[in-house]
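Structure record follows, encoded as structure tokens.
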Amino acid sequence: MPEISKAYEPQAVEEKWYQFWLDQKAFEANPDSAKPPYSIVIPPPNVTGMLHMGHVLNNTIQDILSRKARMEGKEVLWLPGTDHAGIATQAVVEKTLRKQGLMKHRDDLGREAFLQHVWAWKEKHGGIIIQQLKKLGCSCDWSRQRFTMDPDYSRCVQKVFVELYKKDLIYRGKRMVNWDPAARTALSDEEVEMTETKGHLWHFKYPLLNADGQVAEGEFVVVATTRPETMLGDEAVAVNPKDPRYEAIVGRRCLLPIQNKPIPIIGDDFVDPKFGTGCVKVTPAHDPNDYQMAARHNLPCTTVIGPDGAMTAEAGAAYAGVDRAEARKLVIQALTELGLLLKVEDYVHNVGHSQRSGVPIEPYLSEQWFLKYPGVDASASAVAEGRISFHPERWSKTYAHWMTNLRDWCISRQLWWGHRVPVWYHRTTGEVYCGLDAPEDAANWLQDTDVLDTWFSSWLWPFATMGWPDKTSTLARFYPTVDLVTGPDIIFFWVARMIMAGYEFMGDLPFRHVYFTGIIRDKLGRKMSKSLGNSPDPLELIAKYGADALRFGTMRSAPLGQDVLFDEKDVELGRNFCNKLWNACRFRQMQGGEVQGEIRPELLSGDDRWILMRLDQAIGEITTAFAEYRFNEATQALYRFFWSEYCDWYVEATKAVLHGTDAVRKANTLAVIDFILSHALRLFHPFLPFITEDLWQGMGYNQDMPADQGGVTIMFAPWPKQLGDDFRAHYGLSPALMDAVSLKYELVSQGRNLKREAKIQAGKKVGYILKPALPLSAEDTEVMRLLLNAETLEVNPDYVSAKGTPVVHSPLGELYMPLTGLVDESAERDRLKREMEKIEVEITKGEQRLNNPAFTEKAPPQVLQEHRQRLSDWIAKRDQIRAAQERLGA
RNA sequence: GCGCGGUUAGCUCAGUGGUAGAGCACUUCCUUGACACGGAAGGGGUCACAGGUUCGAACCCUGUAUCGCGCACCA
């Protein structure tokens, strides 16, 4: 590697390595490989989409899983693609075309011409998010990229429709559905969001009629409603038949004001006598409950609000064509003028809003297609019994609840962009034909104009992307997939439905593990949204800090199952970490010499052994973290190991050897460094793909590896395993040794603190004297001197300090900082006093515990021993401090 | 109403039975031949509250408060 720059510059390398990986076909899955398979399908982003922080989190996790699996020697398929997103895409294109003045309404163009525009738009803009995923470093198999409107995929959707239709699981019927008046289409129950809304409860008087049809003077029923405009379609007033207040009027009629239409008063158990006035106006065509009541009482349905949200002709000439919101005002005004408005109350209630367009949902009676879910029992038990595991597990409860309260899925949408319902109606006989292709005498048939819900195509994603219904080698090899990474907000929309489709069409589950990410919020805890402008552009962050920095920062702050409060500081931290990694490698490079292979055990220092054990520990922690899908813990373990252990202590300690003259020792130290770095780079690779590849090759760690195991790219370098018992024995690694080295570093910290306490500038070098309690090697002493940044470190077992010499104590001995003429006796006395106070608190705590017979009898021996050791350490320290105090004459 | 989460340092959060942790922010000092995107040393927490279980509780149990989310809803 040539002389490398002082700071890591991600822009210089990211593009290069991504292209390198593509050229190597390193992302492409080979179904004929002998390696064990690992597969994952991407949650297809909307083809209209732009990369946002949620995508970054989600896809970084998938990339980490994929890259780690490759390093573990698996044949990896990460299958990417996009979703046609019916409503969203159609809305975007309609808006564009209106802006361009090409149409006012899509009817102006007609279905075929309009769809041509959508396809053109898709060709132009649909690949943006894919390009963005590449910038993030995603190692998807782009040769298998799919789109839910690809011809093959469409064929799958139609095939599924036809099969389910023939099984009588899909049917058409006139039902009350959730209607989005802005998008002018039906929606499924899941696409309706209930939002608490401040409204009013209007109380209206409807005059009662006598048996002869005349208004009964002074007699009224009072109904309460949140939606006055619907009264134009009232067909009855309902009361509870057991309500004594209204027993007498059941069976009479009242006059529907404005319409001046007599309507019956019916008795129905649905009515809660305790709510409102106990009288309910019944609007069969515009309320699901009223619709059911109407069915029970054979009432007609009068539709007064049309599919566009405007009043129909049946609402009356004064209202026809008026928007529902405006009509509300007019109705209130009219009833007020008639003297029929009794009162208005403020009222907070939940109103269904379209998840897509945000407008209030209109219950609307229309012909729609419905699906009775297949494979429900198998799907429910798969999760309940753990064949599919959720992470975090708690989502399985949400899933189970939904699965046991299933209602038929409204799958038809009154859109043009999407998979058209494969059903034809005979023009003359009215015969219904359902099939993959149009009937032969196509001219005699009309195809259903509806398209299918986008989720009705994406629920097939795990197998339709792999070539189903053909028995492809990809399918045989990679289905079921292993992991699915997605947001809990689509657990019903997508996850549950994919499981059902998997059992119904493949006879097997689609994935074994589902990882639910948190939601990325801003640092104030608000959801990210375009209107708030609080959503950072990941591409800008990548340009500023690098893709690795964005990935690392995001993963480090994203705990399993919790929302993530995103702060640009997190990315900055990632950038700083990359720079640290870079400079650690730069330091190694500046020591010169080839990559060192064999480590000679007899030449290892305590520090060498310590860092090898720390590496071992970090690998262990990372392994556990991965097994539990705790990615943030893995990044934190890596961060701590590399920065706080390797760089802060080990690298500094090695300078004793590296700046020395013993070439053999120096080579062995470099061998340890190379061992650590080559392992660290591999451990980091799934999180930081770009910088690790650059350093892997730049440092030459690829040179000794077989081509397919790291020789060409770090992507296939073996994933580090914990050091085995043989390795530990060979290199003399033991926990006791690790503790001894840790004590050395702790004593250094204490010694540095002495300088600060004595207010000596950090840059000024002083001499220390160590009075050892245990034998220390000359090298240990030199390492300590270096770490203390000391002028000298004299080891003197017989040292007798002058009065007031600052000193710290440790099991290794006493470390003095003699400062002739500079000693501030009272400052030292204060310091010792503070120290003593802390120690005494600890000793009291320890003694209390150990004097408690219940503790000594019941605590496990290991814990007991730990506490005894701790107490005796504190007591030893107290004795040392006390001696120092006595010398000071305190 | 039912269910699920959260409540730990100034901020954001880790930590599921055995000495309270990290990053950022803060204080003081340092441009020493990897790194100022850096180094060193510090200050800062009755772990929301109340009971209980235990030798021992931030952690387990019960309850309360509070914030957030989901589901279900009566006009």
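Convention: sequence-line order gives letters A, B, ...; per-chain numbering from 1.
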### Message
So R556(A), base contact, sugar-phosphate only, or nothing? Heavy-atom distance under 4.0 Å.
### Response
sugar-phosphate

The nucleotide from G18(B), C74(B), G39(B) with an atom nearest the side chain of N289(A) is C74(B)

The answer to which of F577(A) and T398(A) contacts RNA chain B further toward the 5' end, by nearest nucleotide, is F577(A)

Of the candidates G15(B), A75(B), U19(B), the side chain of F275(A) sits closest to A75(B)

- Message: Quick check on the 6.0 Å ring-centre criterion: do F855(A) and H867(A) meet it?
- Response: yes

Do F390(A) and Y399(A) have ring centroids that are under 6.0 Å from one another? yes

Self-check item: Under 3.5 Å donor-acceptor pair, K397(A) side-chain atoms to C4(B) base atoms
Solution: no

Review point. Are the aromatic ring centres of F631(A) and Y515(A) under 6.0 angstrom apart?
Key: yes

Next item on the list: Ignoring hydrogens and angles, answer whether the base of A34(B) and the side-chain atoms of E652(A) contain a donor-acceptor pair closer than 3.5 Å.
Entry: yes

- OP1 or OP2 of A34(B) sitting under 4.0 Å from any side-chain N/O of K655(A)? yes

Per atom distances to the R394(A) side chain, the nearest of A20(B), C74(B), C4(B) is C4(B)

* Asked: Ring centres of F577(A) and F684(A) under 6.0 Å apart?
  -> yes

Check: Does C13(B) have OP1 or OP2 sitting under 4.0 Å from an N or O in the side chain of N632(A)?
Finding: no

Considering only heavy side-chain atoms of N579(A), the closest of C74(B), U32(B), C37(B) is C37(B)

Of the listed G42(B), C35(B), A25(B), the closest approach to the N583(A) side chain comes from C35(B)

- Looking at N405(A), does any N or O in its side chain come under 4.0 Å of the phosphate oxygens OP1/OP2 on C71(B)? no

With the side chain defined as heavy atoms from C-beta on, F855(A) is closest, among G39(B), C37(B), G18(B), to G18(B)

Result for 5'-nearest mapping on RNA chain B, choosing between T277(A) and R588(A), is R588(A)

From the candidates C37(B), C4(B), G42(B), the one with an atom nearest any side-chain atom of R756(A) is G42(B)

Whether W649(A) and Y745(A) hold their rings parallel, tilted or perpendicular, with breakpoints at 30° and 60°
parallel

Applying the 3.5 Å cut-off to both distances, the Watson-Crick or G-U partner of C69(B) turns out to be G3(B)

Here the distance between atom C1' of C37(B) and atom CG of L550(A), to the nearest Å, is 16 Å

P860(A) has its side chain closest, among G18(B), A34(B), A40(B), to G18(B)

When rounded to whole Å, the CE to P distance for the pair M403(A) and G70(B) reads 21 Å

Item to check | Sugar-phosphate, base or nothing in reach of V271(A), heavy atoms under 4.0 Å | outcome: base

Per atom distances to the H401(A) side chain, the nearest of G33(B), C71(B), A41(B) is C71(B)

Whole-Å distance, E345(A) CD to C74(B) C1', equals 14 Å

- prompt: R630(A) side chain N/O closer than 4.0 Å to the phosphate oxygens (OP1, OP2) of G15(B)?
  reply: yes

Within the structure shown, what part of the strands sits under 4.0 Å from D272(A) by heavy-atom distance: base, sugar-phosphate, or nothing? base

| Hey, is the side chain of Y347(A) poking within less than 4.0 Å of OP1 or OP2 on A75(B), counting only N and O atoms? | yes

Winner on side-chain proximity to R752(A), out of A40(B), A34(B), C37(B), is A40(B)

* **E190(A) side chain to W402(A) side chain, donor-acceptor N/O pair below 3.5 angstrom** => yes

(message) Regarding V282(A), tell me which of base, sugar-phosphate or nothing describes its non-hydrogen contacts under 4.0 Å with the strands shown.
(response) nothing

